[in-house]
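First comes the structure, then the notes that go with it.
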Amino acid sequence: MAWYHTTSIYQIYPRSYYDSNGDGIGDLQGIIQKLDYIKELGFETIWFSPFYSSPQQDFGYDIADYKNIAPEYGTMQDAVQLIEAVHQRGMKILFDMVMNHTSAQHPWFVESKASKNNPKADWYIWKDKPNNWKSIVGPKAWHYCEERNQYYYAGFLPFQPDLNYRNPEVKQTMFDTCRFWLEKGVDGFRLDIFNCIIKDKDFKDNPFSIMQAIPSQEYPGGNFQLRKYSLNQDENFALAQELRSVIDEFSNPPRLLLGEVFGGHDTIKKYLGKQQDGLHLIFLFDILFYKFSASFFRKKILEYEHHYPFPNMPTIVFSNHDAIRSIHRIGNNLEKAKLLALLQLTIRAVPCIYSGEEIGMTNGNIPLKKGKDPLAKVYNWIPQFIVNLLPVGINRDNCRTPMQWNTNKNAGFSTADKTWLPVNTDISERNVAIQQKDEHSLLNVFKHLLQIRKINPALQSGSLEIIPTGNKQILAYTRTLGGEKLLVLLNFSNSKITNHISTPIKEVLFSVNSNPTFKGILEGLNGVVLKL
Ligand code: NOJ
């Protein structure tokens, strides 16, 4: 099985990881200093949110030069050193590729908006009369530009104009941008809002839908509009295959495309391609909104097994730089977080863990009105008590607070007097140094699980079968590869449950509460991996 189907991914938000030069902002040299930490934890791949040149209006997701590095993060030399340093440690490195839009300060857009007849005039989407499409996150997608007496389309925020992929020059330039980094050794890309890139060629109006007030994974609409013509177009599925052939030019070693795609399973499958000739992996974001129960996960696993059988591989993510931290959903309970880690690292999936998740970092408390996140600025009229009730984070600062390394100044993240976002208040027990010393910590649960994943190929690529347990609170499944069979049992309740197993157990490979034996009794919130 290819490396990207068996790997484990760690996501770094560079601005918040480690500040090596004391300016309050994380940087590439800081990350390089922490690579041994990630290696020792046992992750095999690191995905970096963007650190290219950018005015940072959306903290890097607004790129002004795809082939340069923002000075607050470092230099091109640092980026090359980072790629090499990751490789020297035997890990893979993924960059973030934002193909859909650039920053409005990108020289391409500056040129494009200057007149209707410059060489880049058609590189973005310009219309004399806008259609009814709305932005994914704000009310308006079309913005008037005096120089051209026209409107440009920005599917996300106004300072992120969408590129026009119906212009072959644009497509080739972005493909070449990918090649540029692949030549430098990058192992692939996480693809930002990949399902938005190619739009309906006639720009037909999107249908109104009363049911689509709020977007969902299955129906990524919102603002009372079905995104029939602005998302998931046939040409966009084809783009996945075209990009795949670019990536496949670099086959030694093979490279990975990991898509951020909003849509139901049928849509996601189209991006993967019938012959597995599209994107290799796609985040299954529906699980971000999990319910902490055995029945929820049993159903989800069956659903994923049904939709993504071999040779596909689901990609499981509970937290990222856009979402409320997963631990918030479970009352910041570390024991529940350990059970989730067990699930995430043992089901048939590529696990993607967001930095800080391994120590149970909680969501920040930065009020909407103080948000640096451009989304917080768009929605700053919403009263805070409503914000607190929403299932989605509209002040994404709260999941981006600095990484907590120890209990020193700024949790060891930076020596600056002021960090770009305030450090969270939960640092006494949620920090790396303290959890490294505690063999029962969440951090050590991750470490241990990543180790057993590595030495038991059945956990990486074995088939999965759900096992009936006779108790609704226990989730049980086997992972089988060749002669190797493992049984995973998770008790989602707070009480002790007896679960006798008829098959003899050869070994207890892992137990959340570190009990080396298993006599058929599972303590509350405990879970085990047993070798049969
Ligand atoms: C998705 C990214 O994850 C998010 O952080 C960003 O704001 C938007 N795409 C726009 O690029």
Side-chain angles (χ1 to χ4, degrees), residues 9 11-17 26 47-64 66 70 94-106 109 124-125 134-138 140-141 143 153-163 165 174 177 189-197 215 217 220 222 227 230-232 236 257-263 271 279 281-285 288 315 317-326 352-357 363-364 371-379 392-401 420-421:
I9 304 176
Q11 181 196 353
I12 289 187
Y13 196 69
R15 208 170 181 82
S16 291
Y17 204 59
W47 148 40
F48 293 92
S49 285
F51 43 70
Y52 314 100
S53 299
S54 156
Q56 307 293 341
Q57 283 175 283
D58 190 15
F59 300 108
Y61 286 94
D62 49 330
I63 299 172
Y66 288 82
L94 303 181
F95 276 18
D96 213 308
M97 192 44 74
V98 186
M99 294 173 67
N100 180 68
H101 51 263
T102 67
S103 157
Q105 294 180 33
H106 196 297
F109 188 70
Y124 293 82
I125 297 168
K134 290 175 183 160
S135 142
I136 306 174
V137 286
K140 264 173 64 176
H143 307 278
Y153 178 74
F156 204 72
L157 288 165
F159 55 80
Q160 291 161 310
D162 283 34
L163 284 159
Y165 277 79
M174 286 311 299
T177 305
F189 302 104
R190 174 267 189 191
L191 302 164
D192 192 66
I193 49 173
F194 192 79
N195 59 323
C196 303
I197 298 179
Q217 173 71 11
R227 307 289 159 120
S230 45
L231 301 182
N232 299 318
N236 209 50
L257 292 174
L258 164 59
E260 182 192 36
V261 163
F262 297 93
Y271 285 108
L279 311 185
L281 295 174
I282 293 179
F283 293 114
L284 301 177
F285 288 128
L288 280 174
T315 304
V317 56
F318 290 134
S319 282
N320 64 30
H321 65 292
D322 292 331
I324 295 175
R325 281 194 178 267
S326 154
C352 184
I353 284 92
Y354 177 48
S355 43
E357 200 172 348
N363 221 43
K372 291 205 161 71
D373 176 11
L375 280 193
K377 291 178 183 157
V378 170
Y379 293 111
V392 289
I394 49 175
N395 179 7
R396 296 172 300 175
D397 289 1
N398 286 320
C399 61
R400 298 170 177 178
T401 59
W420 84 279
L421 283 180

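Side chains included, hydrogens not; waters and symmetry mates left out as well; all remaining heavy atoms used. Start at 1 and go down the list; that is how both ligands and their atoms are numbered. It should be emphasised that the depicted structure is a prediction, and the values quoted were computed from it without experimental measurement.
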Result for ring pair (Phe, Tyr, Trp, His ring centres under 6.0 Å) between Phe283 and one of Phe194, Trp47, Phe318, Phe262 points to Trp47

among protein heavy atoms, the one nearest atom 5 (O) of ligand 1 is Asp322 OD1, 2.7 Å

Can you find a pair of side-chain heavy atoms, one from Asp58 and one from Arg396, that are under 4.5 Å apart? yes

Logged contact type for Arg400 with ligand 1, heavy-atom cut-off 4.0 Å, is side chain

Original post:
Does Pro374 reach the side chain of Phe159, with side-chain heavy atoms less than 4.5 Å apart?
Top reply: yes

Note: ligand 1 atoms sitting under 4.0 Å from heavy atoms of His101 are 10 (C), 11 (O)

Check: With no hydrogens and no angle check, do the side chains of Tyr124 and Thr102 hold a donor and an acceptor under 3.5 Å apart?
Finding: yes

Notebook entry, point to check: Going by heavy atoms in the side chains, are Ile193 and Tyr61 under 4.5 Å from each other?
Noted result: no

For Arg190, the atoms of ligand 1 under 4.0 Å from one of its heavy atoms are 2 (C), 3 (O)

The protein heavy atom nearest to atom 7 (O) of ligand 1 is Asp58 OD2, 2.5 Å

- Task: Can you label the angle between the Tyr52 ring and the Phe95 ring as parallel, tilted or perpendicular, going by 30° and 60°?
- Result: perpendicular

Taking only non-hydrogen atoms of Arg396 and a 4.0 Å limit, the atoms of ligand 1 in range are 4 (C), 5 (O), 6 (C), 7 (O)

Hits for side chain to side chain donor-acceptor pair (under 3.5 Å) against Thr315, two or more places apart or cross-chain, chain-then-number order -> none

For Phe156, the atoms of ligand 1 under 4.0 Å from one of its heavy atoms are 7 (O), 8 (C), 10 (C)

Give a yes/no on ligand 1: does Met99 have at least one heavy atom closer than 4.0 angstrom to it? no

Atom 1 (C) of ligand 1 sits nearest the protein heavy atom Asp192 OD1, 2.9 Å

